[in-house]
Q: 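Just passing along the structure, written as structure tokens.
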Amino acid sequence: MKQRLIYTLILLFAACHANSQTTVTGTVTDGREPLTGANVYIIGTIDGCLTDSLGRFSFQTDCTGEVTLQVTYLGFDDYSLTTSQLTDLTVKMHERATSIDEVVVTASTYSFGKSDNFKTMDALDVVMSGNSCGDIVAALQTLPGTQKVGEDGKLYVRGGESDECQTFVNGMHVLVPYSTNTENNASRGRFSPFLFKGINFSLGGYGGEYGQALSSVLPMETTDAAPSDKLGVSASLVDWNIGGTKAFQNSSLSFNADYTSMGLYNRLFPDRYDWTRPYRKLSGEAQYKADLSTTSVWKTYVGYDLTSVGQLFDNRRLSLAEHNIYANSTFKTTIGKGYSLFAGMAWSSVLNNIDDALIVGDHFHNNRNEVHLKTEVRKVFSQVLKMSGGVEDYLRHSTKRYEESRYTLDYHLPSAHLDAQLRVIPKLFLNLSTRVEQETFGHHWFLLPRTTLSYVPNNHFQLSAMAGRYSQIANDDYMAMSGKQLSQSTADHLILSMQHTTDKTLLRIEPYHKKYHRLPLLSHGTYTADGYGTSKGLDVFFECHSLVKNLTTTLSYSYNDSRRYYLDYASMQTPDYASRHNLRVTAKYAIGKTIIGLADSYASGRQYAVGTTPHYNSLDANITWLVSPKVIVYSSLSNILGRTNIFRYDNAGKPVTANRDRFFYIGIFVSLKSNKAYDISNF
């Protein structure tokens, strides 16, 4: 009898419980298609489920009356509904609008290191790119938009001269970013790629923060404070290096010393030139970085280069020596309520001395100095708007003496900028900026508006249109010859950009058009601002990781049609540094601990009064052997086929070639106090 009573009570309880449960049903869509795997639940309970392949959901709940239903799905705004009707629900989700801080517009910019979601190149890749031998500039010349100008090795971007590309370290300007060399010998960039955690190479269309650059900018951000000590050495036939870092609790102090000499190499592999003193460079760098608080960072960097070289040239014993000093100090902090502050100061000083510069017994002396001061405030107002504004000044001093000719220039270039980044609608972003600069010689003001409109529907595709005006003061020599009357040159940029990325590929296509105004033009023995020009073209970049396992291939192609009427040109013509077609194809394949790289570079001929040069072509190879976690051996051979490339023709119509057709490099890099190599210069 007692057992029957227990069974009856259990059945009654089960029946009552069943009667108290409610089935929640419905469908989740984005308005077009069902959403699979959406999380549907009642707030305050554990009752819920995931939607099936048709977007349907169904689950039981004990709740009665009015409840709050919550639906979440990655990439969509959360959905909430308070209701007592829990069957046959239709839930329409809305895509989550990207915050203004989350979008990264990549139009006309190539980012390396930690600067971009698609990592195309890091510091190690820079070192091992073709025959770059650790030169950032040489590695960047693998990208579209750059011109192959082998006789000086500098960056020429989209039909612009080399000095139209300006370099910035931690936001501060570098007056001379190249080491010096004799005529018709390629210069190298001054900075080690291991100094930087991020490198952003902009081919044009940059915002109001950067000025005094007609064509492009190269902003680079140094690494943060190191958490551990480092020490390492490297050696090759041409350079020797030692560097390291001492880490403290919230800061680190780093150093790097490098000596380069072509003496041994020239004895082993003689070239076409007669050297009275081989190329030598002694350089040292030091940096102190401190995290003053969780929101404040202070960085200070100083670097010094001494370069010397001597060459027997047309019966002259040309002797060149250059001292190049660069230092900067920057401070960043967050000051609350969405505000952040940046302040920086940089100092550049370059002293150049040349004996037998043009004739036997002459002497050339040039001293250039610059102080760059800059402060900027940034504010994130909301998910749809952020703004920045700042002021800066370039204070410059230049002296030049050559025999009886000499000049002294002192001037400064104050400016201010204001940038606003706006999310117009969830997938459409607008950047509006303006820069105002004063030319202190003529007390003229320049208004430089710039804008970028970008459509970013997802993480794989971007479409952008960019337009803006850019300005740059003329070369000091031209300014002195004009009696300080030369106005700033300007360039109008118009760029379209399409980029598509997947896990294995990147494709970017960019047509562009630039129009130059007020270029220096030699007229009746002096320079005026009556020159002008245009540059238009198309850049294509493709990178692929999917053809074969462990194989990475890239293709860079540039078409450029550049014409100018400036300097001593008698009419509108193509600049002699510009080649219409530039193509570079690379392949990098990993076999165990060995990496093999091949690169083939092509450039069409360049136009001179005596004719057009033959096309340029060079097939380069490199091999990297990871001997151990602390030792790397790297070797490269440029121009494997031994083609004698003619870079240009001199005034007498004589072809100018490289001092040697091939260059072989082998170096060993050893980390003495770290778990991996290549930390020797990792500031």
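Values below: every heavy atom of this structure, side chains too, minus hydrogens, waters and symmetry copies. Since the structure is predicted, the reported quantities are computational estimates derived from the model, not experimental observations.
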Q: Less than 4.5 Å apart, side chain to side chain, heavy atoms only: is that true for Thr25 and Leu89?
A: no
Q: Is there a donor in the side chain of Thr245 and an acceptor in the side chain of Ser254, or the other way round, less than 3.5 Å apart?
A: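 Judged by distance alone, the side chains do pair up.
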Q: In sequence, state the C-alpha distance, the side-chain angles, and the governing distance for Tyr455 and Phe429, and then conclude on ring-ring contact (aromatic ring centres under 6.0 Å, His included).
A: CA-CA 6 Å; Tyr455 174 62; Phe429 299 86; 9.4 Å; no
Q: If the condition is salt bridge (charged side-chain N to carboxylate O under 4.0 Å, His left out), which residues does Asp30 pass it with, not counting sequence neighbours?
A: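 Salt bridge (charged side-chain N to carboxylate O under 4.0 Å, His left out) list for Asp30, sorted by chain: Arg32.
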Q: Counting only heavy atoms not in Lys379 (residues, nucleotides, ligands), do more than 12 fall under 6.0 Å from its NZ?
A: yes
Q: Can a donor-acceptor pair be found between the side chains of Thr375 and Glu392 at a distance below 3.5 Å?
A: no
Q: Which heavy-atom pair separates Cys165 from Leu155 by the least distance, and what is that distance?
A: SG-CD1, 4.1 Å
Q: Are the charged groups of Glu510 and Arg158 less than 4.0 angstrom apart, N to O?
A: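 A salt bridge is present here (some side-chain N lies under 4.0 Å from a carboxylate O).
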Q: Can you find a pair of side-chain heavy atoms, one from Thr29 and one from Val91, that are under 4.5 Å apart?
A: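 Sidechains of Val91 and Thr29: no contact.
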Q: Just checking, any donor-acceptor pair under 3.5 angstrom between side chains of Trp298 and Ser329?
A: yes
Q: Under 3.5 Å, is there a donor on one side chain and an acceptor on the other for Asn200 and Thr109?
A: no
Q: Side chains of Leu432 and Asp419, heavy atoms from C-beta outward: is any pair under 4.5 Å?
A: no
Q: Looking just at side-chain N and O atoms, do Ser464 and Ser454 make a donor-acceptor pair shorter than 3.5 Å?
A: yes
Q: Salt-bridge test for Lys515 and Asp492: reply yes if a basic N is under 4.0 Å from a carboxylate O, no otherwise.
A: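 Salt bridge flag = no for Asp492 with Lys515.
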Q: Using 0.5 Å steps for rounding, measure from the CG atom of Asp539 to the OG atom of Ser558.
A: 4.0 Å
Q: Can you tell me if NZ on Lys332 sees more than 12 non-hydrogen neighbours from other groups inside 6.0 Å?
A: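 Not buried by this count: 12 neighbours or fewer within 6.0 Å.
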Q: Atom CG of Asp393 and atom OG of Ser415: how far apart are they, to the nearest 0.5 Å?
A: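 Going from CG on Asp393 over to OG on Ser415, the span is 7.0 Å.
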Q: Centroid separation under 6.0 Å, is that true for the rings of Tyr470 and His493?
A: yes
Q: Ignoring hydrogens, what is the shortest heavy-atom contact between Gly37 and Thr51? Give both atom names and the distance.
A: N-OG1, 2.9 Å
Q: Hydrogens and angles aside, do Ser251 and Gln249 bring a side-chain donor and acceptor to less than 3.5 Å of each other?
A: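 No, because no side-chain N or O of Ser251 sits under 3.5 Å from a partner of the opposite role on Gln249.
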Q: Indicate yes or no: does Asp224 engage Lys299 in a salt bridge with an N to O separation below 4.0 Å.
A: yes
Q: With rounding to the nearest 0.5 angstrom, report the CG to OH distance, Leu547 to Tyr589.
A: 12.5 Å
Q: With the side chain counted from C-beta on, respond yes when Met387 and Arg378 share a heavy-atom pair under 4.5 Å apart, and no when they do not.
A: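 When only atoms from C-beta onward are counted, Arg378 and Met387 do not touch, as no gap falls below 4.5 Å.
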Q: Please report the C-alpha distance between Thr45 and Ile42 in whole Å, then the side-chain angles of each, then the deciding distance to 0.1 Å, and finally whether the side-chain contact (heavy atoms from CB on, under 4.5 Å) criterion is met.
A: CA-CA 6 Å; Thr45 74; Ile42 294 175; 3.5 Å; yes
Q: Tell me, yes or no, whether the heavy-atom count around Met498 atom CE, taken from other residues, nucleotides or ligands under 6.0 Å, exceeds 12.
A: yes
Q: Determine whether the aromatic ring centres of residues Phe342 and Phe331 are separated by less than 6.0 angstrom.
A: no
Q: Between His545 and Thr505, is there a side-chain heavy-atom distance shorter than 4.5 Å?
A: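 Side chain of Thr505 against side chain of His545, heavy atoms only: no contact under 4.5 Å found.
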Q: Under a 3.5 Å cutoff, is there a donor and acceptor pairing between the side chains of Thr554 and Thr586?
A: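 Thr554 vs Thr586: donor-acceptor pair found between side chains.
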Q: Might you work through the ring-ring contact (aromatic ring centres under 6.0 Å, His included) test for Tyr73 and Tyr79, ending with a clear yes or no?
A: CA-CA 9 Å; Tyr73 191 74; Tyr79 176 93; over 10 Å; no
Q: Please report the closest heavy-atom contact between Ala213 and Gln166, naming both atoms and the distance.
A: CB-CG, 3.7 Å
Q: In this structure, which one of Thr222, Thr223, Thr300 forms a side chain to side chain donor-acceptor pair (under 3.5 Å) with Gln287?
A: Thr222
Q: Show me the pairs that pass salt bridge (charged side-chain N to carboxylate O under 4.0 Å, His left out) and involve residues 39-52, at least two apart or across chains.
A: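 Residue pairs passing salt bridge (charged side-chain N to carboxylate O under 4.0 Å, His left out), neighbours aside: Asp52-Arg56.
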Q: As a quick check of understanding, evaluate side-chain contact (heavy atoms from CB on, under 4.5 Å) for Leu494 and Met466, giving each step before the final call.
A: CA-CA 6 Å; Leu494 179 61; Met466 313 168 74; over 6 Å; no
Q: Let me see the working for Phe461 and Thr501 under side-chain contact (heavy atoms from CB on, under 4.5 Å), right down to the final yes or no.
A: CA-CA 6 Å; Phe461 182 77; Thr501 63; over 6 Å; no
Q: Decide yes or no for Leu35 and Met93: does some side-chain heavy atom of the first lie under 4.5 Å from some side-chain heavy atom of the second?
A: yes
Q: Give the minimum heavy-atom separation between Gly31 and Lys92, together with the two atoms involved.
A: CA-CE, 3.8 Å
Q: Mark yes when over 12 heavy atoms from residues, nucleotides or ligands other than Ile46 sit less than 6.0 Å from its CD1; otherwise mark no.
A: no
Q: What distance do Tyr110 atom OH and Leu143 atom CG have between them, rounded to the nearest 0.5 Å?
A: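 Between Tyr110 OH and Leu143 CG, I get 6.5 Å after rounding to 0.5 Å.
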Q: Hey, are His417 and Glu376 close enough side-chain-wise for a donor-acceptor pair under 3.5 Å?
A: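 The answer is yes; a qualifying pair exists.
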Q: With a 4.0 Å cut-off, would you call Glu209 and Arg435 a salt bridge?
A: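 Looking at Arg435 together with Glu209, the answer is no, because their closest N to O distance does not fall below 4.0 Å.
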Q: Kindly compute the distance separating OG1 (Thr142) from CG (Leu555), expressed to the nearest 0.5 Å.
A: 11.5 Å
Q: Would you indicate whether the side-chain heavy atoms of Tyr559 and Val540 approach each other to under 4.5 Å?
A: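 A side-chain contact is absent here, since even the closest heavy-atom pair is not under 4.5 Å.
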Q: Tell me whether the centres of the aromatic rings in Tyr301 and Tyr288 are closer together than 6.0 Å.
A: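 Tyr301 vs Tyr288: aromatic centres not under 6.0 Å.
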Q: Judged by modelled atom types alone, do Asp78 and Thr72 share a side-chain donor-acceptor pair under 3.5 Å?
A: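 Not at all, the side chains of Asp78 and Thr72 share no donor-acceptor pair under 3.5 Å.
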Q: Does the side chain to side chain donor-acceptor pair (under 3.5 Å) test come out yes or no for Glu437 and Ser471, once each step is laid out?
A: CA-CA 9 Å; Glu437 296 181 346; Ser471 71; 2.5 Å; yes
Q: Can you pull out every side chain to side chain donor-acceptor pair (under 3.5 Å) where at least one residue sits in residues 336-346? Sequence neighbours excluded, please.
A: none
Q: Starting at CZ of Arg469, measure out to CZ of Phe446 and round the result to the nearest 0.5 Å.
A: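 Going from CZ on Arg469 over to CZ on Phe446, the span is 9.5 Å.
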Q: Within the 4.5 Å heavy-atom criterion, are Leu69 and Thr82 side-chain neighbours or not?
A: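 In short, these two side chains do not touch, never coming nearer than 4.5 Å.
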Q: Evaluate the side-chain contact (heavy atoms from CB on, under 4.5 Å) criterion for residues Thr68 and Leu81: first the C-alpha distance (whole Å), next the side-chain angles of each, then the deciding distance (0.1 Å), finally the verdict.
A: CA-CA 5 Å; Thr68 299; Leu81 174 66; over 6 Å; no
